[in-house]
Engineer: 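Sharing a structure below in structure tokens format, with a few things to ask.
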Amino acid sequence: MQYLAEGLRLPTNGLDYTILAIYFVVVLGIGFAARASVKTSLDFFLSGRSLPAWVTGLAFVAANLGATEILGMAATGAQYGVAVVHWYWIGAIPAMVFLGLVMMPFYYRSKVRSVPEFLLQRFDKSAHLLSSILFAFAAILIAGVNLYALSIVVEALLGWPQWIAIVVAGLFVLVYITIGGLSSAIYNEVLQFFVILAALIPLTLLGLKRVGGWDGLTGSLEKSHGSDFLSAWGGTGIGDANPLGANWLTIILGLGFVLSFGYWTTNFAEVQRALSAKNLSAAQRTPLIAAFPKIFIVFLVMIPGLVAAVLVPKIGTPGSDLTYNDAIPLLMQELLPNGVLGIAVTGLLAAFMAGMAANVSSFNTVFTTDIWARYVKKDRPDAYYLRFGRLITAVGVLASIGTAFIAASFSNIMSYLQTLFSFFNVPMFVVFIIGMFWKRASMKSGVWGLLAGTTAAMVNYFWVYKQGVIDIPTDQGANFVSAIVGFVAGAVVMVVVTLFTAPKPEAELAGLVYGTESPDAVEPPAEGDSAWYRKPALLGWGAIVIAALCYLPYSL
């Protein structure tokens, strides 16, 4: 299936390509500069746990702000309207705050190198191995989405053949991660964050100007799509029809709790950035610092989608060659002059590379430390695992190319990603949350909870939804329901298995279960960490309050 419509070629010139070339040179320069700091496997996989909170915080949000999010959320705005705010203010901020305030102390103090390794400490080898395999597989699938989407977008917008776009982007990601490890990926993500903003801000402002400002935009959409299109909660009563195809209960439970917490608290591509922070306080502040720009980024992806729905009323409709994923490229073609267009193209490519690099860097860590070093080649010198980590990075990039074309069957790539999250992240979250808050949860309950949650989510999506056993109006609605089903199934199975199997000895649960403390749990505050803006609790509650206030204009 074609990803973007034909006829979207951008009028780029030498100035635009010069801006793009400068960006690629800087990216490689950061990779070579980071090389000097990579001396051990800990340096390669977790930056030696040495980075400041502001760096890891911006990298945290940039790792999520891939082009799949930019194109996908703009597509969601064009398709579902203002309801896209749910993915940010309900579907991100509370979970990011929970990660920082509640879960990071468990992760950081346990000194794990990855999220699956925490399951090894809390449960047993079977839960650890299964979670490692599931995460590695999901990371490659998601990295492949970014690479495939990049190649199709570059072909449509710039006229490059797909294979050239795949080779160029894959090569650059491979080189700067292989050379500089996670530090290179993180510092490039900080750069990519600002480049992405430089691309989205003019696109949003010029789009609003074209449709007569906010009043002109909302007036046009109310006439063409109805008032519910401009309301976050309009028509979401149980049994009511609305553009999103979901009711308030599935939005709150499916997206706001299960999918959101499952993604933000157990997705190692994100958590890895926080684990690379220099101390526990910085690790806790990483997702909280990221939460503040996350609150407002929704406007930079939602408004272009809404503008596209006004300028091209037939976008995404049956018989049209324009899919919802065309929203951002359409506006780039229509609105941006040369120079600014070069920045926008650079920002789009930077976003693709950020998303791919985040998943590749998390994949090489999990595969090396959790699978290879734990079960295949044990007790080798540290230099061996450093070399193997660089080798498996290349394997991960090649595997991403191989899995990329699975995404071609989805006209809205966010639907595809949410489907993957319901399959892989949600079951891991239920195992984590029960394991962290219930001391009695047995060692064997972890692996069976993972299996049950993953299986139930897949059965709901592929049989109950796809075969029409129950009428669910949209892919997004089906994803919310799959997430709820996976969570409930995993939780029930964990409870049942726990009743018939032995718990982990209480002495081995210190620092792994809420209410218990590890011997080194008391960490003296780092110098300067007493300032109010360095206190995680204040940052967390501040982010929640601001996100809640942003909801008010769209709540009616």
Side-chain angles (χ1 to χ4, degrees), residues 20-66 108 113-114 139 143 146 168-196 268-279 282-283 285-286 289-290 346-347 349-369 382-397 400:
L20 188 59
I22 291 172
Y23 169 75
F24 279 119
V25 170
V26 173
V27 164
L28 290 183
I30 290 174
F32 281 101
R35 183 180 185 180
S37 65
V38 179
K39 295 180 174 62
T40 68
S41 62
L42 185 66
D43 296 332
F44 186 77
F45 295 123
L46 285 180
S47 301
R49 298 187 191 271
S50 63
L51 300 180
W54 73 269
V55 170
T56 55
L58 291 181
F60 189 98
V61 71
N64 175 252
L65 191 60
Y108 200 86
R113 292 193 177 195
S114 70
N146 282 275
V168 170
L171 180 63
F172 272 90
V173 171
L174 174 62
V175 168
Y176 75 73
I177 293 181
T178 303
I179 292 174
L182 183 64
S183 294
S184 176
I186 284 178
Y187 280 110
N188 267 305
E189 284 161 1
V190 173
L191 168 66
Q192 287 157 350
F193 174 76
F194 292 106
V195 173
I196 291 166
F268 185 51
E270 299 291 339
V271 176
Q272 187 180 26
R273 274 75 195 141
L275 287 177
S276 67
K278 62 183 180 180
N279 55 42
R285 283 183 278 125
T286 293
I289 290 171
T346 302
L349 295 185
F352 279 119
M353 292 169 64
M356 181 184 178
N359 283 282
V360 169
S361 61
S362 60
F363 164 79
N364 67 22
T365 303
V366 168
F367 195 94
T368 303
T369 63
D382 186 74
Y384 169 83
Y385 296 118
L386 177 57
R387 290 194 303 271
F388 183 82
R390 286 179 162 138
L391 173 64
I392 203 65
T393 301
V395 173
V397 171
S400 300

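Note that the structure is predicted; figures quoted are calculated from it, not measured. All values below were derived from every heavy atom in this structure, side-chain atoms included, with hydrogens, water molecules and symmetry-related copies excluded.
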Engineer: Among V271, D43, L51, which residue meets the side chain to side chain contact (heavy atoms under 4.5 Å, CB included) test with S276?
Structural biologist: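 In the set V271, D43, L51, the residue that makes a side chain to side chain contact (heavy atoms under 4.5 Å, CB included) with S276 is L51.
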Engineer: Report yes or no: does Q192 contribute a side-chain atom to a donor-acceptor pair with the main-chain N or O of A62 at less than 3.5 Å?
Structural biologist: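 A pair under 3.5 Å: no.
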Engineer: Just so I know, are the side chains of F193 and V61 near enough to count as touching, which here means a heavy-atom distance under 4.5 Å?
Structural biologist: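 They are in contact (side-chain heavy atoms under 4.5 Å apart), so the answer is yes.
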Engineer: Checking side-chain polar atoms at under 3.5 Å, does D382 have a donor or acceptor matched by the opposite partner on T40?
Structural biologist: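 D382 vs T40: no donor-acceptor pair found between side chains.
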Engineer: Give a yes or no on whether the backbone of I179 and the side-chain of R35 come within a donor-acceptor separation of less than 3.5 Å.
Structural biologist: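 Side chain of R35 to backbone of I179, a donor-acceptor pair under 3.5 Å: no, none is there.
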Engineer: Are the side chains of V397 and I177 in contact, using a 4.5 Å heavy-atom criterion?
Structural biologist: no
Engineer: Donor-acceptor pair, S184 side chain versus G181 backbone, under 3.5 Å?
Structural biologist: no
Engineer: So, taking the atom named CZ in F388 and the one named OG1 in T393, what distance separates them when rounded to the nearest 0.5 Å?
Structural biologist: 9.5 Å
Engineer: Taking all atoms of both residues into account, what is the closest heavy-atom pair of N364 and G389, and its distance?
Structural biologist: CB-O, 4.0 Å
Engineer: What closest approach, in Å, do G31 and Y176 show between heavy atoms, and which atom pair accounts for it?
Structural biologist: CA-CB, 4.1 Å
Engineer: I need the I196 CD1 to L349 CG distance, nearest 0.5 Å.
Structural biologist: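 Answer for the CD1-CG pair, I196 versus L349, is 10.5 Å.
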Engineer: Hey, what do you get for OG1 (T346) to OH (Y23), rounding to the nearest 0.5 Å?
Structural biologist: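 If we round to the nearest 0.5 Å, T346:OG1 and Y23:OH are 8.0 Å apart.
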Engineer: With salt bridge (charged side-chain N to carboxylate O under 4.0 Å, His left out) as the rule and sequence neighbours excluded, what pairs involving residues 168-190 come up?
Structural biologist: E189-R273
Engineer: Going through the distances and angles, do Y385 and T369 end up as a side-chain contact (heavy atoms from CB on, under 4.5 Å)?
Structural biologist: CA-CA 8 Å; Y385 296 118; T369 63; over 6 Å; no
Engineer: Mind checking whether N188 and F172 have side chains closer than 4.5 Å, heavy atoms only?
Structural biologist: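 Heavy-atom side-chain distance check fails, nothing below 4.5 Å.
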Engineer: Within the supplied structure, the quantity of interest is the number of heavy atoms (other residues, nucleotides, ligands) at a distance under 6.0 Å from F32 CZ; does it exceed 12?
Structural biologist: no
Engineer: If I take atom OG from residue S362 and atom CG from residue L275, how far apart are they, to the nearest 0.5 angstrom?
Structural biologist: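 Those atoms lie 11.5 Å apart.
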Engineer: Verify, without hydrogens or angle tests, whether T178 (side chain) and V175 (backbone) share a donor-acceptor contact under 3.5 angstrom.
Structural biologist: no
Engineer: If I take atom CG from residue L171 and atom CG from residue L28, how far apart are they, to the nearest 0.5 angstrom?
Structural biologist: 8.0 Å
Engineer: S183 and S47: which non-hydrogen atoms are nearest, and at how many Å?
Structural biologist: OG-OG, 2.9 Å
Engineer: How far apart are the closest heavy atoms of V195 and G347, and which atoms are they?
Structural biologist: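 Answer, listing the atom of V195 first, then G347: CG1-CA, 3.6 Å.
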Engineer: Given side chains that start at C-beta, do those of R387 and F44 come closer than 4.5 Å, heavy atoms only?
Structural biologist: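 No, too far: nothing below the 4.5 Å cut-off.
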Engineer: Of all heavy-atom pairs between G396 and F363, which one has the smallest distance, and what is that distance?
Structural biologist: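 Closest approach of G396 to F363, heavy atoms only: CA-CE2, 3.6 Å.
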Engineer: Could you give me the CA-CA distance, side-chain angles and deciding distance for R113 and L42, then say whether side-chain contact (heavy atoms from CB on, under 4.5 Å) is met?
Structural biologist: CA-CA 8 Å; R113 292 193 177 195; L42 185 66; 3.9 Å; yes
Engineer: Would K278 and T56 satisfy side-chain contact (heavy atoms from CB on, under 4.5 Å), going step by step from the backbone distance to the final call?
Structural biologist: CA-CA 10 Å; K278 62 183 180 180; T56 55; over 6 Å; no
Engineer: V38 vs L386, test: side-chain contact (heavy atoms from CB on, under 4.5 Å). Steps then yes/no.
Structural biologist: CA-CA 9 Å; V38 179; L386 177 57; 4.0 Å; yes
Engineer: If you measure from CG on L174 to CE on M356, what distance do you get to the nearest 0.5 Å?
Structural biologist: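 It is 8.0 Å, given to the nearest 0.5 Å.
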Engineer: Donor-acceptor check, side chain of Q272 to backbone of F45, threshold 3.5 angstrom: yes or no?
Structural biologist: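 Such a contact is found between Q272 side chain and F45 backbone.
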Engineer: Compare every heavy atom of A274 with every heavy atom of A283, then report the nearest pair and how far apart it is.
Structural biologist: CB-O, 3.4 Å
